[in-house]
**Q** 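Sharing a structure with you now.
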Amino acid sequence: MRTFLERVLENVEEFPQKEIFVKKEKGKYSSLTYEDFRRQISTLQGKLQELGVEDRVAIFMENRPEWISGLFAVLFKGGIAVPVDYLISTEELFNIFKDCQPKVVITSNQNVEKVREAIKDIGYHIHILNVDEIDLAKTQEKIQFVRRDINDVVVILYTSGTTGNPKGVMLTARNLDHNVRAIENLGILNENDRFVAILPFHHTYPLLATAILPVTLRLPLVFIEKLTPNDILSTVNDQNVTILVGVPKLYQVIHHNIMVEIKKLPKLKRQAVLTALKLFRKFDVKPVEKKFFKEIHNRIGKSLRFMISGGAKLSEEVWRDFEAFGFNILEGYGLTETSPLISVNRPGKKKIGTAGAPIDEVEVKTTEKGEIIVRGPNVMKGYYNKPEETEKVIKDGWFYTGDLGFIDEDGFIHITGRAKEVIVLDNGKNVYPEDIEVEILKSPYILEVGIFYQDGGLRALVRPDFELLVEEGIEDIKDFIKQEIHRRTKHLQPYKRVKEFKLIDRELPRTRIGKLRRFLLPEVWKE
């Protein structure tokens with residue numbers, strides 16, 4: 001069977017002139033073809049001559065075409081790639097290197113100093129390969145390709161985790177290939193699609209959806225220059241991007257900005273827009289919606305066909321509004337340990353607020369305690385160097401996700417929360433903090449909220465939209481936010497109401513994919 005590895009090699013050999021990457025530097029776009037990709041891979045392989053089968057190579061740099069070339073240079077040579085978040089601390093990097101013992105680190109000028117610092121006391125020699133010090137366009141050498149068993153580990157991904165203890169997830173060629181094929185089988189992509197790389201490749205969701213999938217299916221991938229909403233949206237528009245792969249945080253920010261703009265409209269126009277929005281929430285007529293909200297489409301992405309959301313749960317209100325604006329949101333569900341995709345909403349088979357139905361060959365059920373468990377070719381081989389940890393989560397071939405939820409009569413998965421995050425109150429009642437956060441975030445004046453339990457009550461850290469509050473002349477911000485929290489949560493049972501809150505002016509601690517690191521909230525509260 002041809003895996004994604006053979007298919008990428010075929011693309012490189014048979015479509016040398018096809019554009020596959022577009023990068024932006026100093027505001028200017030330039031294209032790279034499969035031939036440029038081939039040269040980068042074979043040049044890097046020339047620097048990896050000592051690499052043996054199953055040797056580990058860490059990739060530690062920002063998103064750029066060379067990141068993907070580095071990945072395939074390693075995989076084609078029979079090595080194991082270890083993508084690492086380039087924003088982690090030197091100490092965290094040292095711990096990961098200590099665990100997986102890479103032979104080589106592929107990095108860039110931006111990150112090389114951190115690598116040097118991390119490896120100075122590691123106790124053995126690690127070779128540093130800085131892509132900015134190599135002429136990657138020169139070589140005429142052929143790509144070295146080692147055929148490997150489909151059950152070979154090809155990638156080890158360290159989960160940043162929402163609990164703070166990173167574990168190396170071993171994914172095989174079969175794991176990743178299954179996800180590629182399952183997405184293809186959904187039938188949602190076509191040969192004119194163009195992707196954009198926003199999320200960091202070290203995380204399994206963007207690794208699969210934006211680093212592996214496009215080069216396998218011959219669909220161009222566009223890189224952005226700056227991670228600002230304006231630069232993302234201008235690049236999406238300039239490059240006619242059709243598939244936006246994002247996380248709830250991104251869609252929340254875009255939604256918030258749209259709603260703030262609507263709030264500023266003259267009274268009559270504002271009323272007309274809000275009435276239309278209300279109507280389209282009930283009756284979904286995409287062509288009419290797109291026409292009515294043309295300005296929003298022109299600003300966000302006039303060529304966008306799908307907005308993919310994953311990594312955390314998308315608020316139903318945000319999802320409903322985007323659909324009413326005429327966009328097509330497909331929310332999926334998965335974990336690093338499942339390569340990552342488990343389920344997804346499809347066009348024509350969609351339920352807002354759910355994680356969709358399972359993808360091909362994946363079985364999903366819930367335990368008596370309501371935990372979601374998964375079996376299929378997407379389930380990891382295990383945690384690197386941690387057999388006991390692996391045994392805790394894989395039992396009789398079923399992977400225990402740690403997520404709570406249920407499956408409805410139509411086969412759609414509903415996630416209700418993380419088992420580890422359920423707050424058990426003194427009276428024995430269970431509280432899912434996300435449920436309360438979703439309600440509070442319906443306020444246009446609140447950008448972020450994090451709920452946790454301490455000293456017998458629910459506490460909230462709230463980051464308001466200070467700009468909007470100042471614009472509207474609100475002077476007593478604390479009292480105003482207190483009223484907003486009350487207004488948004490008064491319909492909840494009394495035990496689900498926030499006892500105390502604090503205002504903060506910086507972002508809440510999150511993983512790089514946007515999940516709230518709830519265990520850190522008490523620390524932030526103390527500060």
**Q** When you check the gap from the basic side-chain N to the acidic O, do Asp410 and Lys351 get nearer than 4.0 Å?
**A**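 Result for this pair is yes, salt bridge flagged.
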**Q** Quick check: do Ile446 and Ile481 have side-chain heavy atoms less than 4.5 Å from each other?
**A**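 With C-beta onward as the side chain, the pair touches.
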**Q** Quick one: does Thr390's side chain have a donor or acceptor within less than 3.5 Å of a partner on Tyr383's backbone?
**A** yes
**Q** Could you check whether Glu337 pairs with Lys167 (Lys NZ or Arg NE/NH1/NH2 to Asp/Glu carboxylate O, under 4.0 Å)?
**A**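 Not counted as a salt bridge, because no side-chain N and carboxylate O are separated by less than 4.0 Å.
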**Q** Using a strict threshold of under 4.0 Å (side-chain N to carboxylate O), is an ion pair present between Glu371 and Lys369?
**A**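 Here Lys369 does not pair with Glu371 in a salt bridge, since their nearest N and O are not under 4.0 Å apart.
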**Q** Is it the case that Lys313 places NZ or CZ above or below the six-membered ring of Trp319, under 6.0 angstrom from the centre and within 45 degrees of the axis?
**A** no
**Q** Using side-chain contact (heavy atoms from CB on, under 4.5 Å) as the criterion, point out the one residue from Ile59, Val154, Ile106 that pairs with Leu71.
**A**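 Testing Leu71 for a side-chain contact (heavy atoms from CB on, under 4.5 Å) against Ile59, Val154, Ile106 leaves exactly one candidate, Ile59.
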**Q** Please tell me whether Asn175 and Asn378 have a donor and an acceptor in their side chains that are separated by less than 3.5 angstrom.
**A**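 No.
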**Q** Go through Glu527 and Arg506 one step at a time and tell me if the salt bridge (charged side-chain N to carboxylate O under 4.0 Å, His left out) criterion holds.
**A** CA-CA 12 Å; Glu527 288 166 22; Arg506 59 190 169 97; 2.3 Å; yes
**Q** Please examine the side chains of Ile474 and Phe466, heavy atoms only from C-beta on, and report whether any two atoms are closer than 4.5 Å.
**A** no
**Q** Looking only at non-hydrogen atoms, find the nearest pair between Leu277 and Ala324 and report the distance.
**A** CD1-CB, 3.6 Å
**Q** Is it true that atom CD of Glu467 has more than 12 heavy atoms of other residues, nucleotides or ligands lying nearer than 6.0 Å?
**A** no
**Q** Please tell me whether Thr235 and Glu225 have a donor and an acceptor in their side chains that are separated by less than 3.5 angstrom.
**A** no
**Q** Among Tyr86, Phe201, Phe60, Phe72, which one satisfies ring pair (Phe, Tyr, Trp, His ring centres under 6.0 Å) with Trp67?
**A**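 Answer to the ring pair (Phe, Tyr, Trp, His ring centres under 6.0 Å) test with Trp67 among Tyr86, Phe201, Phe60, Phe72: Phe201.
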**Q** If you measure only the distance, is there a donor-acceptor pair under 3.5 Å linking the side chains of Asp231 and Thr228?
**A**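 Short answer, no.
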**Q** Atom CG in Asp152, atom CE in Met170: separation rounded to 0.5 Å?
**A**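 Nearest 0.5 Å value for the CG-CE distance: 12.0 Å.
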**Q** Would a 4.5 Å heavy-atom cut-off, applied to side chains only, mark Phe195 and Leu244 as touching?
**A** no
**Q** Take Arg375 and Glu363, measure what salt bridge (charged side-chain N to carboxylate O under 4.0 Å, His left out) needs, and give me the verdict at the end.
**A** CA-CA 5 Å; Arg375 184 166 69 179; Glu363 296 173 77; 3.0 Å; yes
**Q** What are the two closest non-hydrogen atoms of Pro358 and Ile413, and how far apart are they?
**A**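 Taking Pro358 first and Ile413 second, the nearest heavy atoms are CG-CD1, 4.2 Å.
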**Q** Within a 6.0 Å radius of atom CD on Glu91, are there more than 12 heavy atoms belonging to other residues, nucleotides or ligands?
**A**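 No, the 6.0 Å shell around CD holds no more than 12 heavy atoms from other groups.
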**Q** Determine, for Phe327 and Arg305, whether the Lys NZ or Arg CZ falls below 6.0 Å from the six-membered ring centre while staying within 45 degrees of the axis.
**A**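 That pair does not qualify as a cation-pi contact.
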**Q** Can you find a pair of side-chain heavy atoms, one from Ser315 and one from Gln252, that are under 4.5 Å apart?
**A** no
**Q** Return yes if a side-chain donor-acceptor contact under 3.5 Å exists between Tyr453 and Asp426, otherwise no.
**A**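 Side-chain D/A pair, Tyr453 to Asp426: present.
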**Q** For the side chain of Glu92 and the backbone of Ser89, is there at least one donor-acceptor N/O pair under 3.5 Å apart?
**A** yes
**Q** Between Glu500 and Arg459, is there a side-chain N and carboxylate O pair less than 4.0 Å apart?
**A** yes
**Q** I'd like to know if the side chain of Arg56 reaches the main chain of Lys103, judged simply by a donor and an acceptor atom lying under 3.5 Å from each other, with no hydrogens or angles considered.
**A**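 No, Arg56 side chain to Lys103 backbone: no donor-acceptor pair under 3.5 Å.
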**Q** For the side chain of Arg463 and the backbone of Leu461, is there at least one donor-acceptor N/O pair under 3.5 Å apart?
**A** no
**Q** Is the shortest side-chain N to carboxylate O distance from Glu117 to Lys114 below 4.0 Å?
**A** no
**Q** Has Arg148 got a side-chain atom pairing as donor or acceptor with Leu75's backbone, closer than 3.5 angstrom?
**A**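 The answer is yes, because a donor-acceptor pair under 3.5 Å joins these two groups.
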**Q** Which heavy-atom pair separates Met61 from Asn111 by the least distance, and what is that distance?
**A** CA-ND2, 3.4 Å
**Q** Got Leu171 and Val153 here, is their nearest side-chain heavy-atom distance under 4.5 Å?
**A**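 SC-SC contact between Leu171 and Val153 ruled out.
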**Q** Within the distance-only criterion (no hydrogens, no angle test), does the side chain of Tyr495 pair as donor or acceptor with the backbone N or O of Asn427 below 3.5 angstrom?
**A** no
**Q** Take Leu447 and Leu441 through the test side chain to side chain contact (heavy atoms under 4.5 Å, CB included) and record every step on the way to the result.
**A** CA-CA 7 Å; Leu447 294 172; Leu441 283 171; over 6 Å; no
**Q** Got a donor-acceptor contact below 3.5 angstrom from the His486 side chain to the Arg497 backbone?
**A** no
**Q** Flag the pair Ile372 / Val364 as yes when at least one side-chain heavy-atom distance between them is below 4.5 Å, and no otherwise.
**A** yes
**Q** Using side-chain heavy atoms (C-beta onward) and a distance below 4.5 Å, is Ile80 in contact with Tyr384?
**A**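 They are not in contact (no side-chain heavy atoms under 4.5 Å apart), so the answer is no.
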**Q** Please round to the nearest 0.5 Å and tell me the distance separating atom OG1 of Thr416 and atom CG of Leu404.
**A** 5.0 Å
**Q** Which is it for Met259 and Asp321 under the side chain to side chain contact (heavy atoms under 4.5 Å, CB included) test, yes or no, and what are the steps along the way?
**A** CA-CA 10 Å; Met259 298 317 274; Asp321 284 355; 4.1 Å; yes
**Q** Looking only at atom types and distance, does a side-chain atom of Asp396 sit under 3.5 Å from a main-chain N or O of Trp398, one as donor and one as acceptor?
**A**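 Pair absent, no side-chain N/O of Asp396 close to backbone of Trp398.
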**Q** Is it true that Ser339 and Asn179 share a donor-acceptor pair across their side chains at a distance under 3.5 Å?
**A** no
**Q** Going through the distances and angles, do Ile126 and Ile122 end up as a side chain to side chain contact (heavy atoms under 4.5 Å, CB included)?
**A** CA-CA 9 Å; Ile126 297 180; Ile122 203 93; 4.2 Å; yes
**Q** Donor-acceptor pair, Arg174 side chain versus Asp149 backbone, under 3.5 Å?
**A**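 Side chain of Arg174 to backbone of Asp149: no pair is present.
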**Q** Would Asn151 and Lys381 count as having a side-chain donor-acceptor pair, cut-off 3.5 Å?
**A** no
**Q** Does NZ belonging to Lys502 count more than 12 external heavy atoms closer than 6.0 Å?
**A**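 Buried by this count: over 12 neighbours within 6.0 Å.
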**Q** Ion pair present between Asp360 and Arg181, side-chain N to carboxylate O less than 4.0 angstrom?
**A** no
**Q** Quick one: which of Glu316, Glu317, Glu323 gives a salt bridge (Lys or Arg N to Asp or Glu O under 4.0 Å) with Arg320?
**A** Glu316
**Q** Hey, are Arg510 and Glu448 close enough for a salt bridge, meaning a charged N less than 4.0 Å from a carboxylate O?
**A**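 So Arg510 pairs with Glu448 through a salt bridge.
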**Q** Minimum heavy-atom separation for Val115 to Leu93, with atom names?
**A** CA-CD2, 4.2 Å
**Q** What are the two closest heavy atoms between Pro102 and Tyr124, and how far apart are they?
**A**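 Shortest heavy-atom separation between Pro102 and Tyr124 comes out as O-OH, 2.7 Å.
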**Q** When rounded to the nearest 0.5 angstrom, what distance separates CD1 in Ile212 from CG in Leu5?
**A**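 The distance works out to 8.0 Å.
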**Q** Using only atom types and a distance under 3.5 Å, with no angle test, would you say the side chain of Thr338 pairs donor to acceptor with the backbone of Leu335?
**A**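 At least one qualifying donor-acceptor pair exists.
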**Q** Angle class for the Phe406/His414 ring planes (parallel below 30°, perpendicular above 60°, tilted otherwise)?
**A**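 It falls in the parallel class, under 30°.
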**Q** Could you check whether Lys482 makes a cation-pi contact with Phe501, meaning its NZ or CZ is under 6.0 Å from the centre of the six-membered ring and within 45° of the ring axis?
**A** no
**Q** Does the side chain of Val105 come within less than 4.5 Å of Val57's, by heavy atoms?
**A**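 Of all side-chain heavy-atom pairs linking Val105 with Val57, none is under 4.5 Å.
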**Q** So, Asp99 versus Tyr158: side-chain donor-acceptor pair below 3.5 Å or not?
**A** yes
**Q** Would you say that more than 12 heavy atoms from the other residues, nucleotides or ligands in this model lie under 6.0 Å from the NZ of Lys478, or not?
**A**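 Check passes, neighbour count above 12.
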**Q** Looking at every non-hydrogen atom in both residues, tell me the closest pair between Ser309 and Val247 and how far apart they are.
**A** OG-C, 4.2 Å
